[in-house]
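Computation of the quantities below employed the complete heavy-atom set of this structure, encompassing side-chain atoms and omitting hydrogens, waters and symmetry-equivalent molecules. Lettering of chains follows the sequences in order, A, B, ..., and the numbering in each one begins at 1.
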Amino acid sequence: MEEYLSQLNESQLQAVTYSEGPSLVIAGAGSGKTRVLTYKIAYLLHQGFPPQSILALTFTNKAAREMKERIASIVGEQQARRLWMGTFHSIFSRILRSEASYLGYPSAFTIYDSADSKSLLKSIMKEMQLDDKVYRIGTVQSRISNAKNSLITVKAYEQSKELIEADQHSKMPLIAEIYKRYQARCKQAGAMDFDDLLLQTNILFRDFPEVLEKYRRFFRYILVDEYQDTNFAQHLIVQRLSELHQRICVVGDDAQSIYSFRGANIDNILQFKNVYPGCKIFKLERNYRSTQSIVNAANSLIHKNKEQIHKTVYSENSVGEKIRVISSYSDYEEGYVVAGKIAEMRMAGTHYTYSDFAILYRTNAQSRILEEALRKRNIPYKIYGGLSFYQRKEIKDIISYFRVIVNPHDEEALKRIINYPTRGIGETTVNKLIAAASDNEVSLWTVLQDPAAYKLPVNSGTANKLNAFRELLESFMLKNDQLSVEELAAVVVKETGIVGSLFQDRSVEGISKQENLQELIKGISEFAELKLEEGAESVKLADFLSEVSLLTDQDNDKNENANKVTMMTVHAAKGLEFKNVIVVGLEEDLFPSLMAKDSLRAIEEERRLFYVAITRAEENCLLTYAKSRFRNGQSSICSPSRFLKDIDAEFLDIPSVASAEDTFQSKRAEYQSAALSSFRNQTKAEDVFSSPVTAAAQQRVSHLTKINDAASSGGNVSALNSNLQPGCRVRHERFGEGEILQIEGTDANQKATVLFDNFGQKQLLLKFAKLTLV
DNA sequence: TCGATCACGATTTTT
DNA sequence: TCGTGATCGA
């Protein structure tokens, strides 16, 4: 143990070895937070705490798994396995399952993901005949979610003047009613949504002191990672569990709080010392990850925020390169520049491999164009995020069968499969089923079991179809007891006819669906194998489902260490590090997001998000922005992000146009072919920039003017172009700047040969090409 | 009830 | 641009 402790610096050591009372560890970016947490757990084990008495809560499955592995390497697999370590959601769903009877839920309750709850909300709103343009589904969902995260139950919501008034003010007075029905339907379906996992845990601990008492005694030490991202529900669970013994250690960095949209409350960490009087505060301020330039640049940025715990993050690594800022004319060009930079940096005699690079963006939508650019340059990449494997249609459909087998009252799953594959049970029948079920306050499945008793108004043909469907499901349920999970899965896909219908489809998508299906079955048997290895006596379908619903894409990553460039949102990058980080799309209304515009708090969160992005970098950080970008199907003009001005200029490096030209000179041929294909997609809008980009110009918001669509003012175009001559420098919306080499032809057929800085030589018909003189 | 076609609308981040 | 939702005809 001593040997391990000697690897820690002074403040890390203090944080690790203090276990007498509550403690708060403020861990700056890259300060060895995970190391402190893992060593602290190892230390506690060494002190004699049995592993099962330690509760360690993380934010993502990935973080939990990695920490577990690191602890295992210190104290051994046997001990590490018995720790209670996982995400809030997974740990408390586990507890809820074993205590479900207290709350009137089945222990095999379903977990509704946000798509499920959205769909349920939609159907409730339809039944209430609410206009979905007034009651925007996303707004309704987040309203209810926020209420739950603040532990406001349906009753409390109805009684809250404030909330009711706010709803009336926003023309949605019936949110309380939606919430009420939603909750009732979830209960009826034996389902909890993500927020319920925390809310119901709180209800459990509030209403059943003996249960709380049991877990209080059970968990003798509690650790929480990423505490700045906890919401009120999470905070209160932790507080309740630690109230008596006060052995709690939370780790976090207020500068990295980026989840307030999900109810995370930065006050939890800011107020920690008031909630736990006598708590010790440790600050980890030495950054081991990044160069001084990066740390200093990030510091200068984050200091622009008002709300924060004071700390001085510093680095004793080398000074390193300044942060480079690169501008492009369009999002297309941004893609090529990024791809080019990666290729260049990899070739530059350095030791970099593709996996040393990460491209980070604000929104998933930005990934497409970057993906295309990397592909054209044959740069291998992997994209995180987007829709996960388990959210794909074909996978969700099959999982829905499993869900119904385990919990037939699961309304959302039942609705998905009742007519998949099509068996002649259409929307009308389903609506009748729903109506009958809610009139009698039972689940759809209950109605299905005895349609006559609930006066389901269907003709005999439909009744037969429903009956056949019910019998099919019942046969599966019977087999669930006899067969292993993977055997059952095979039976389901075969007997429902899913296999048959999927394998007829020879289209590209059809084949990919088949592959996904096989992947799923393989995943199930691997899961079963793993559980048996871990000593489980038998593996039930319910076991698989309970894990799957909390799994995300990043969790089933197979080729983790493949040599590929990583692409992900900034949110997804939290907690990770890369030698080289490229943050793209640094434009107003994108980063910071348009949504954040009118609130200081929101802007500060965006700034923290940017801080997170920069501090992922170990050696080099590159920031790019485009001056025009495709949004909503048309190109729009963008100005550079205000955040660029928030970084002290001394840490920034803005290359001149000329050096950019050198960079790409040798690669022109490739750019040419790339440019050719993007030429096909050329847009109509023409952007004109007032002045060449200089460092100074980049420091302020550039003044951009827009000229009318050239197609609708064709006459003007030739007039505009008549003074174009060889030798002129021109600018093109997509290809950026270049020099005219040659002009040939007359009038409508006039052609210009232009050598673009970043896209090589191109011939353009002046009739279409909207060129402007620089 | 189902499939195809068309129009429209919306776009932040995720356990 | 893309995907979803509504509408229509069979």
Quick one about Asn407(A) and Thr110(A) (side-chain donor to acceptor, distance below 3.5 Å, no hydrogens or angles considered), yes or no?
yes
Salt bridge (Lys or Arg N to Asp or Glu O under 4.0 Å) contacts touching residues 632-642 of chain A (sequence neighbours left out)
Glu588(A)-Arg642(A)
Check whether the side chain of Arg262(A) and the base of dT13(B) form a donor-acceptor pair under 3.5 Å.
no
When the nearest nucleotide of DNA chain B is assigned to Thr363(A) and to Ile425(A) on a heavy-atom basis, which residue is associated with the more 5' position?
Ile425(A)
Touch check for Asp195(A), heavy atoms < 4.0 angstrom, all strands: base, sugar-phosphate only, or nothing?
nothing
Looking only at the side chain of Arg368(A) (C-beta and beyond, no hydrogens), which of the listed nucleotides dT15(B), dT12(B), dC2(C) gets closest?
dC2(C)
Name the pairs: protein N/O against N/O of nucleotides 4-10 of chain C, kept only if under 3.5 Å.
from: dG5(C); atom 1: OP1; to: Lys122(A); atom 2: NZ; distance (Å): 2.8

Take the protein atom CG of Asn231(A) and the nucleotide atom C1' of dT14(B), then report the distance between them rounded to whole Å.
13 Å
Closest-nucleotide mapping onto DNA chain B: is Thr428(A) or Thr569(A) further toward the 5' terminus? I mean the 5' end.
Thr428(A)
Atom CD of Gln141(A) and atom C1' of dA10(B): how far apart are they, to the nearest Å?
16 Å
Backbone N/O of Ile258(A) and side chain of His571(A): donor-acceptor pair under 3.5 Å:
yes
From dT11(B), dT15(B), dG3(C), nucleotide with atom closest to Arg136(A) side chain:
dT11(B)
Euclidean distance, atom CZ of residue Arg631(A) to atom P of dT11(B) [Å, nearest integer]:
13 Å
Phe59(A) ring centre to Lys574(A) NZ or CZ under 6.0 Å, with the angle to the axis within 45°?
yes
So, does Ser90(A) get its side chain near the phosphate of dT15(B), meaning an N or O under 4.0 Å from OP1 or OP2?
no
Give a yes/no verdict on base stacking between dT13(B) and Phe261(A): centres under 5.5 Å, planes within less than 30° of parallel.
yes
Using the test side-chain contact (heavy atoms from CB on, under 4.5 Å), find all partners of Thr422(A) that sit at least two apart in sequence or belong to another chain.
Asn419(A)
Could you give the NE2-to-P distance, from His235(A) to dT15(B), as a whole number of Å?
23 Å
Has the side chain of Glu587(A) got a donor or acceptor atom that lies under 3.5 Å from a matching backbone atom of Ala626(A)?
yes
With the threshold set at under 4.0 Å for non-hydrogen atoms, list the residues of residues 600-608 of chain A touching DNA chain B in residue-number order.
none
Give a yes/no answer on whether the side chain of Asn419(A) brings an N or O atom under 4.0 Å of OP1 or OP2 in dC2(B).
yes
Output all residues satisfying side-chain contact (heavy atoms from CB on, under 4.5 Å) with Ser123(A), sequence neighbours left out; order by chain, then residue number.
Leu120(A), Glu127(A), Arg185(A), Glu411(A), Lys415(A)
Dot-bracket for DNA chain B: what is it, with Watson-Crick or G-U pairs under 3.5 Å, [ ] where a pair crosses earlier ones, and | for a pair to another strand?
||||||||||.....
In whole angstrom, what separates His571(A)'s NE2 from dT12(B)'s P?
12 Å
CZ of Phe194(A) versus C1' of dT15(B): gap in Å, rounded?
6 Å
Separation of dT14(B) atom P from Met595(A) atom CE, nearest Å, is 14 Å
Reported OG1-to-NZ distance for the pair Thr87(A) and Lys62(A), which is rounded to 0.5 angstrom
15.0 Å
Between Tyr390(A) and Lys396(A), is there a cation-pi geometry (under 6.0 Å to ring centre, at most 45° from the normal)?
no
Is there a side-chain contact between Leu545(A) and Ser549(A) in this structure, where contact means two heavy atoms from C-beta onward sitting under 4.5 Å apart?
no
Please give me the minimum heavy-atom distance between Tyr361(A) and Leu370(A), naming the atom from each residue.
CD2-CD1, 3.8 Å
dT11(B) C1' sits how many Å from Lys597(A) NZ, rounded?
16 Å
Pi-cation contact, Phe610(A) with Arg607(A) (under 6.0 Å, within 45°)
no
Against the side chain of Asn364(A), the closest entry in dT15(B), dC2(B), dT13(B) is dT13(B)
Base, sugar-phosphate, or nothing for Phe88(A), non-hydrogen atoms under 4.0 angstrom?
nothing
Between Ser400(A) and Arg416(A), which heavy-atom pair has the shortest distance, and what is it?
OG-CD, 3.1 Å
